[in-house]
J.: 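Below are the structure tokens for one structure; questions will follow.
Everything quoted here is computed from the prediction, not taken from an experiment.
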Amino acid sequence: MSDLIKKIKEKKVDLPENVLDVLENCKAVHFFNTTDELVEAATNGQKEYEVKYDIPGKGEYVEAVVQKVKNGISANYTEAYMRRRDPGTMVIADDQPTDKTRFKDKYKYDFPSLQEETFAWLKEQELAVFFYFAGRAGIGSLGIAIAPANAGFFALGLAMLQEHVSLEELKQGDEIKSSIFVAPVFRHTHFEGKQVVVHNRTEKVHELYSYNLYPGPSAKKGLYGVLLTQGEKEGWITAHCSAVQSVSPYDNLTTLMHEGASGGGKSELHQHIVREHDGRVLIGTNTTTGEKRYISIPRFCSFTPVADDMAFCHPDVQEDDGKLRIVDAENAWFVRVDSVNKYGDDPFLEEKTINPSMPLLFLNIDTKPESTALIWDHIEDEPGVKCPNPRVILPRKSVEDAIEGEVAVDIRSFGLRTTRCTKEDPSIGIVGMFHILPPAIAWLWRLVAPRGLKNPSIVGTGKMQSEGVGSYWPFATGRMVTHANLLLKQITDTPRTTFTLVPNQNIGAWEVGFKPQLLMREYLTRRGAARFREDQYQEARCPLLGYELNHLTIESSKIPSRFLKVYNQPEVGIEGYDAGAEMLKSFFKEELQKYLTPDLHPTGRKIIEACLNDASIEEYNEIVPMSFEYGYSFNKIDNHE
């Protein structure tokens with residue numbers, strides 16, 4: 001231990017006082033200099049290992065069973081609740097500005113007392129310790145992780161998702177800007193078994209206290225919160241998005257960035273379109289009649305991945321040309337594989353996970369020790385009910401053609417998880433194959449960011465909810481209005497990036513899965529820089545949906561009008577469509593109220609008030625023009641009255 005601290009001090013890296021105190025007084029320290037060392041530690045060198053703790057008043061409790069498999073490590077939680085992220089996980093312990101729930105308000109006592117209990121518990125343990133870089137490409141900050149040594153699989157997940165930093169890689173005078181303390185027993189002793197992650201933003205260090213072993217809300221989204229906090233202070237955004245560069249059969253290169261709430265289709269943007277046995281592509285199945293509709297596409301576009309879930313929109317990568325530029329913010333991708341149910345559903349992921357170039361971490365996959373983890377073998381939450389959130393952590397460097405640097409975004413889409421809509425049972429499932437959005441309406445969608453129903457990634461509440469600003473609000477620590485203003489400036493500064501809206505799961509009465517965004521990728525890649533002709537689109541019946549398409553043809557195959565204009569479906573009609581539109585409008589009006597604070601930018605206030613007054617698309621375009629020919633200055637946009 002003293003040797004480790006000596007080496008750190010030789011690098012002139014100052015450990016935070018609470019970190020130093022825990023390390024000097026714990027039972028033992030296991031410092032991990034490489035991710036490969038954590039792979040071995042995940043199962044304690046055994047074929048199968050139980051991660052268990054003695055819970056006061058409860059006895060021995062097994063949190064997870066970890067197995068060594070041929071293609072990496074497989075971890076399965078003993079409790080179905082722990083296999084998905086709880087959206088109510090985050091609490092704020094400090095007194096800095098925030099719109100989030102504060103620890104004292106929720107639990108009726110001050111956090112420092114729990115903090116001391118946490119440190120006392122950690123001092124009784126053998127600890128796994130390592131450095132990480134929260135971020136990528138030189139954007140982000142150095143951090144240190146401290147977890148019980150027997151939770152090696154969690155430490156492995158953290159070290160894969162972030163950039164594992166060895167002692168040798170520490171630079172002279174590096175500053176530690178974040179720390180994460182992992183104490184899983186506290187969810188039982190203090191939080192009634194719930195997932196809790198406490199953020200404590202001190203003057204120098206953003207501290208995370210993870211009181212559970214599911215990496216989603218802490219190792220991934222918790223450290224996403226660290227990046228958002230940094231961006232909030234410095235005036236930039238880490239977008240909640242995936243991105244690909246797609247190349248058409250005619251060599252058009254198009255970069256697509258896809259945002260959205262959890263379940264909105266970010267990881268699915270990387271999926272290849274699967275053909276039926278006869279070579280056709282299934283668009284969807286009518287849930288009322290059972291009819292299936294197909295399209296024939298002789299050759300698909302090729303694409304290379306850029307980002308899976310998070311991307312930096314940092315000032316250092318921008319150019320003053322009207323297009324947004326992004327760079328991947330992650331070292332590995334936390335890929336949900338619930339849509340892979342059999343061999344052949346996703347050949348790309350199957351190839352990368354069955355015979356990977358390095359060990360992977362699988363979560364919620366049914367395995368046996370020394371078997372091969374197969375991403376379609378999802379563990380069951382209960383007999384006959386598969387876990388909806390199977391995951392694999394896929395390092396970027398295991399994907400050979402992943403783009404390393406920044407890219408300029410041509411199409412910026414927003415995904416919406418929609419439910420079945422009929423005139424008898426209307427819902428927000430009135431969105432066509434895809435819509436073109438004016439910038440002002442695109443901003444509103446990011447402020448509201450509907451999560452949709454039957455979300456596979458998180459513990460649901462049974463009704464549609466808002467994930468808020470940019471869809472990343474569940475992970476941010478500060479104020480909503482700050483992020484709303486940052487997003488508005490970003491949108492008005494990048495008028496040459498086109499905005500679209502795309503549904504998944506259902507279009508009216510048709511079950512479509514993620515085909516809309518995959519077919520949108522195919523079509524818009526083929527178009528390249530070509531503009532839409534005026535006869536190709538019209539104002540949508542519901543203004544919040546921007547412009548709807550009049551016709552859509554891919555490689556001489558026409559998409560039926562019922563998929564473009566949902567009111568053309570006999571099961572929906574005008575009656576069902578308008579009822580769904582009213583639901584959508586009501587939801588927007590309810591959620592947008594919280595942004596009307598004195599600090600909201602005047603242009604943003606105009607847009608929100610326009611929505612509250614049922615504005616037309618033309619009125620939105622008067623506030624922020626849709627043409628990219630207007631000036632790129634945010635300040636100019638506000639002075640066009």
J.: Less than 6.0 Å separating the ring centroids of F191 and Y107?
T.: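 Ring-ring flag for F191/Y107: true, centres closer than 6.0 Å.
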J.: Any ion pair linking D21 and K123 (charged N to carboxylate O, less than 4.0 Å)?
T.: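 A salt bridge is present here (some side-chain N lies under 4.0 Å from a carboxylate O).
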J.: Between R412 and E259 (salt bridge meaning N to carboxylate O under 4.0 Å), is one present in this structure?
T.: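 Yes.
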J.: Establish, yes or no, whether a centroid distance under 6.0 Å links the rings of F186 and Y209.
T.: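 Centroid distance F186-Y209: not below 6.0 Å, so no.
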J.: Nearest 0.5 Å please: distance from the CE atom of M310 over to the CG atom of L223.
T.: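 Rounded to the nearest 0.5 Å, the CE-CG separation comes out at 8.5 Å.
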J.: Taking the six-membered ring for Trp and the single ring otherwise, decide whether the centroids of H164 and F32 are under 6.0 Å apart.
T.: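 Ring centroids of H164 and F32 are no less than 6.0 Å from each other.
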J.: State the CD-OG1 distance between E17 and T202, to the nearest 0.5 angstrom.
T.: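 Rounded to the nearest 0.5 Å, the CD-OG1 separation comes out at 10.5 Å.
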J.: By the definition side chain to side chain donor-acceptor pair (under 3.5 Å), identify the one residue from D410, T255, T497 that meets it with K323.
T.: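 Single side chain to side chain donor-acceptor pair (under 3.5 Å) partner of K323 among D410, T255, T497: D410.
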J.: Hey, does the Lys NZ or Arg CZ of K266 hover above the aromatic six-ring of W333, less than 6.0 Å from the centre and inside 45° of the axis?
T.: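 No, K266 and W333 do not form such a contact.
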J.: Between E591 and L447, is there a donor-acceptor pair closer than 3.5 Å when you use the side chain of the first and the backbone of the second?
T.: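 Flag not set: sc E591 to bb L447 has no pair under 3.5 Å.
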J.: Could you tell me if the side chain of V198 sits less than 4.5 Å from the side chain of I92, heavy atoms only?
T.: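 Side chain of I92 against side chain of V198, heavy atoms only: no contact under 4.5 Å found.
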J.: Within a strict 4.5 Å, meaning less than it, do heavy atoms of the D309 and K220 side chains meet?
T.: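 The answer is yes, as the side chains (C-beta and beyond) meet within the 4.5 Å cut-off.
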J.: Is the distance between the ring centroids of F499 and W445 under 6.0 Å?
T.: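 Not under 6.0 Å, so no.
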J.: Does some side-chain heavy atom of R136 sit less than 4.5 Å from a side-chain heavy atom of E330?
T.: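 In short, these two side chains do not touch, never coming nearer than 4.5 Å.
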J.: Within this structure, what is the CE-CG distance for the pair M160 and L156, rounded to the nearest 0.5 Å?
T.: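 Those atoms lie 5.5 Å apart.
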J.: Please lay out, stage by stage, how V431 and L416 fare under the test side chain to side chain contact (heavy atoms under 4.5 Å, CB included).
T.: CA-CA 9 Å; V431 187; L416 174 65; 3.8 Å; yes
J.: Dump the intermediate steps for salt bridge (Lys or Arg N to Asp or Glu O under 4.0 Å) on R187 and E63, then the final yes or no.
T.: CA-CA 11 Å; R187 82 175 179 97; E63 287 280 355; 3.1 Å; yes
J.: Give the intermediate values and the outcome of side-chain hydrogen bond (donor to acceptor under 3.5 Å, both in side chains) for residues R446 and Q490.
T.: CA-CA 12 Å; R446 282 156 181 79; Q490 184 187 73; over 6 Å; no
J.: Measure the CD1-CZ distance between I146 and F181 for me, rounded to the nearest 0.5 Å.
T.: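 Output value for this atom pair is 4.5 Å.
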J.: Would one find more than 12 heavy atoms of other residues, nucleotides or ligands at under 6.0 Å from atom CD of Q593?
T.: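 Count over threshold, so yes.
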J.: Whether the side chain of E116 engages the backbone of P112 through a donor-acceptor N/O pair (distance < 3.5 Å, no angle test) should be reported.
T.: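 No; zero donor-acceptor contacts below 3.5 Å.
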J.: Between R396 and D328, is there a side-chain N and carboxylate O pair less than 4.0 Å apart?
T.: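 Between D328 and R396 there is a salt bridge, with a charged N closer than 4.0 Å to a carboxylate O.
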J.: Considering only heavy atoms from C-beta outward, does the side chain of Q318 approach that of L324 to under 4.5 Å?
T.: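 They are in contact (side-chain heavy atoms under 4.5 Å apart), so the answer is yes.
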J.: Treating N212 as the side-chain partner and P184 as the backbone partner, does any N or O pair qualify as donor plus acceptor under 3.5 Å?
T.: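 No.
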J.: Are R325 and E319 within salt-bridge range, i.e. N to O under 4.0 Å?
T.: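 Looking at E319 together with R325, the answer is yes, because their closest N to O distance falls below 4.0 Å.
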J.: Where the side chain of R605 meets the backbone of T597, is there a donor-acceptor pair that is under 3.5 Å apart?
T.: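 Yes, because the side chain of R605 sits within donor-acceptor range (under 3.5 Å) of the backbone of T597.
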J.: What do the steps show when you test Q465 against R451 for side-chain hydrogen bond (donor to acceptor under 3.5 Å, both in side chains), and what is the final call?
T.: CA-CA 5 Å; Q465 291 185 304; R451 185 183 292 153; 2.8 Å; yes
J.: Any donor-acceptor pair under 3.5 Å linking the side chain of T89 with the backbone of V196?
T.: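 Pair absent, no side-chain N/O of T89 close to backbone of V196.
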J.: Would you indicate whether the side-chain heavy atoms of M82 and Q195 approach each other to under 4.5 Å?
T.: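 Side-chain contact under 4.5 Å: yes.
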J.: Decide whether N200 and E207 meet the rule of one side-chain donor and one side-chain acceptor closer than 3.5 Å.
T.: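 There is such a pair (donor and acceptor under 3.5 Å, judged by atom type) between the side chains of N200 and E207.
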J.: Could you check whether S166 and E169, counting side-chain N and O atoms only, form a donor-acceptor pair closer than 3.5 Å?
T.: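 Checked: E169/S166 side chains pair up, N/O donor to acceptor below 3.5 Å.
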J.: So with a 6.0 Å cut-off around CD of E404, is the heavy-atom count from everything else above 12?
T.: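 Yes - once you tally the heavy atoms of other residues, nucleotides and ligands closer than 6.0 Å, there are more than 12.
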J.: Please assess S267 against D308 for the test side-chain hydrogen bond (donor to acceptor under 3.5 Å, both in side chains), listing each intermediate value before the final yes or no.
T.: CA-CA 6 Å; S267 289; D308 177 71; 2.9 Å; yes
J.: Drop me the distance from T498's OG1 to I411's CD1, to the nearest 0.5 angstrom.
T.: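 It is 4.5 Å, given to the nearest 0.5 Å.
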J.: Go through the side-chain N and O atoms of N331 and Y132 and say whether any donor and acceptor fall under 3.5 Å apart.
T.: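 Checked: N331/Y132 side chains show no N/O donor-acceptor pair below 3.5 Å.
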J.: What do the steps show when you test T229 against E232 for side-chain hydrogen bond (donor to acceptor under 3.5 Å, both in side chains), and what is the final call?
T.: CA-CA 5 Å; T229 301; E232 187 175 345; 5.4 Å; no
J.: Crowded around E192 CD? As in, over 12 foreign heavy atoms under 6.0 Å?
T.: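 No.
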J.: Is it the case that over 12 heavy atoms from other parts of the model lie below 6.0 angstrom from the CG atom of D99?
T.: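 For D99, atom CG is crowded (more than 12 foreign heavy atoms under 6.0 Å).
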J.: Quick one: is the NZ or CZ of K177 closer than 6.0 Å to the six-membered ring centre of F133, and within 45° of its axis?
T.: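 No, a cation-pi geometry is absent between K177 and F133.
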J.: Compute the centroid of each ring, for F414 and then for H258, and state whether the two points are separated by less than 6.0 Å.
T.: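 For F414 and H258, the ring centres are not under 6.0 Å apart.
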J.: Could you tell me if Q96 and H199 have a donor-acceptor pair between their side chains, going purely by distance under 3.5 Å?
T.: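 Their side chains do not contain a donor-acceptor pair, so the 3.5 Å distance test is not met.
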J.: Would you check if P148 and V182 make a side-chain contact, meaning some heavy-atom pair closer than 4.5 Å?
T.: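 Result yes, sub-4.5 Å side-chain heavy-atom pair found.
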J.: Look only at the side chain of S586 and the backbone of M583, and say whether a donor-acceptor pair between them is shorter than 3.5 Å.
T.: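 No; zero donor-acceptor contacts below 3.5 Å.
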J.: Test salt bridge (Lys or Arg N to Asp or Glu O under 4.0 Å) on E622 and K606; report intermediate values, then the result.
T.: CA-CA 10 Å; E622 288 174 358; K606 291 177 187 176; over 6 Å; no
J.: Are any of the side-chain heavy atoms of F131 and I176 separated by less than 4.5 Å?
T.: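 Yes; the side chains approach each other to less than 4.5 Å.
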J.: Less than 6.0 Å separating the ring centroids of H190 and Y211?
T.: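 They do not qualify: ring centres at least 6.0 Å apart.
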J.: Salt-bridged, R479 to D599, with N to O below 4.0 Å?
T.: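 Yes, R479 and D599 are salt-bridged.
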J.: Side chains of N389 and Y214: donor-acceptor distance under 3.5 Å anywhere?
T.: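 Per modelled atom types, N389 and Y214 side chains form a pair under 3.5 Å.
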J.: I'd like to know if the side chain of S466 and the backbone of V448 have a donor-acceptor N/O pair within less than 3.5 Å.
T.: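 Looks like yes, one N/O pair under 3.5 Å.
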J.: With distance as the sole test, does E467 use its side chain to make a donor-acceptor pair with the main-chain N or O of S262 at under 3.5 Å?
T.: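 Answer holds: yes.
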J.: Scan side-chain atoms only and decide if H240 and S471 contain a donor-acceptor pair under the 3.5 Å cut-off.
T.: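 On atom types as modelled, these side chains qualify, holding a pair under 3.5 Å.
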J.: So, H483 and Y472: side-chain donor and acceptor under 3.5 Å apart, yes or no?
T.: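 Distance-only check passes for H483 and Y472.
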J.: Can you confirm whether K9 is buried at NZ, in the sense that more than 12 heavy atoms of other residues, nucleotides or ligands lie under 6.0 Å from that atom?
T.: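 No - once you tally the heavy atoms of other residues, nucleotides and ligands closer than 6.0 Å, there are 12 at most.
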J.: OG1/T500 to CE/M257 distance, rounded to the nearest 0.5 angstrom?
T.: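 It comes to 11.5 Å.
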J.: Could you please spell out the steps behind the salt bridge (Lys or Arg N to Asp or Glu O under 4.0 Å) verdict for D94 and K104?
T.: CA-CA 9 Å; D94 56 71; K104 186 174 182 178; over 6 Å; no
J.: Quick one: does T98's side chain have a donor or acceptor within less than 3.5 Å of a partner on T477's backbone?
T.: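 Flag set: sc T98 to bb T477 pair under 3.5 Å.
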J.: Would the distance check show the side chain of S616 and the main-chain N or O of E619 forming a donor-acceptor pair, the cut-off being under 3.5 Å?
T.: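 A pair under 3.5 Å: yes.
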